[in-house]
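To start, the structure under review is shown below, and the notes come after it.
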Amino acid sequence: MTGSPGTLFHRALIVALAARHKLPAVYWVRRFVTDGGLISYGPDFSDQYRKSAGYVDRILKGEKPADLPVQTPTKYELVINLKTAKTLGLDLPASVVARADEIIE
């Protein structure tokens, strides 16, 4: 699933449809998992916001925005909703659960 304002706006419907059809879906942002989705794996947006502050600082000190390198995310987060996994009848491997940055029960 791609990230767009439409998918975020309709995330409750998307999560509900996945649950109704018993689809184990992986989302791109943790908000879906807190709304009942199974797993999200995507950039840590808090980390991205912190990095953007460094860019603002460099621009305010006189650097030209066009001279700054494009940055890609370097930190990703894995969030798992164990309640949803149980509802779907999934037994997630312990190694996957251990790697999660956040577990929702």
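Note that this is a predicted model, so its numbers are computed, not measured.
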[X] with [Y], same ILVMFWY side-chain cluster at under 4.5 Å:
X	Y	answer
V96	I104	no
F32	F9	no
L17	V26	no

For the [atom1] atom of [X] and the [atom2] atom of [Y], what is their distance to the nearest 0.5 Å?
X	Y	atom1	atom2	answer
R11	D35	CZ	CG	4.5 Å
I14	L8	CD1	CG	8.5 Å
L38	N81	CG	CG	7.5 Å

Least distance between heavy atoms, [X] atom then [Y] atom:
X	Y	result
R30	V79	CB-CG2, 3.8 Å
T34	R31	OG1-O, 2.9 Å
V15	G37	CG1-N, 3.6 Å
V33	I39	CG2-C, 3.5 Å

For the residue pair F45 and W28, categorise the inter-ring angle as parallel (less than 30°), tilted (30 to 60°) or perpendicular (more than 60°).
perpendicular

Answer yes or no: does atom CG of D67 have more than 12 heavy-atom neighbours from other residues, nucleotides or ligands under 6.0 Å?
yes

Assess whether salt bridge (Lys or Arg N to Asp or Glu O under 4.0 Å) is satisfied between K83 and E105, documenting all intermediate values.
CA-CA 5 Å; K83 181 180 177 184; E105 297 188 48; over 6 Å; no

Evaluate the side-chain proximity of Q48 to D44: yes if any heavy-atom separation is below 4.5 Å, no if none is.
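Result no, sub-4.5 Å side-chain heavy-atom pair not found.
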
Would the distance check show the side chain of T84 and the main-chain N or O of G36 forming a donor-acceptor pair, the cut-off being under 3.5 Å?
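A pair under 3.5 Å: yes.
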
Those residues that, when tested against S46, pass side-chain hydrogen bond (donor to acceptor under 3.5 Å, both in side chains) (two or more places apart)
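None.
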
With salt bridge (Lys or Arg N to Asp or Glu O under 4.0 Å) as the test, would you mind laying out the steps for D47 and K51 before giving the verdict?
CA-CA 6 Å; D47 186 55; K51 287 181 181 178; 3.6 Å; yes

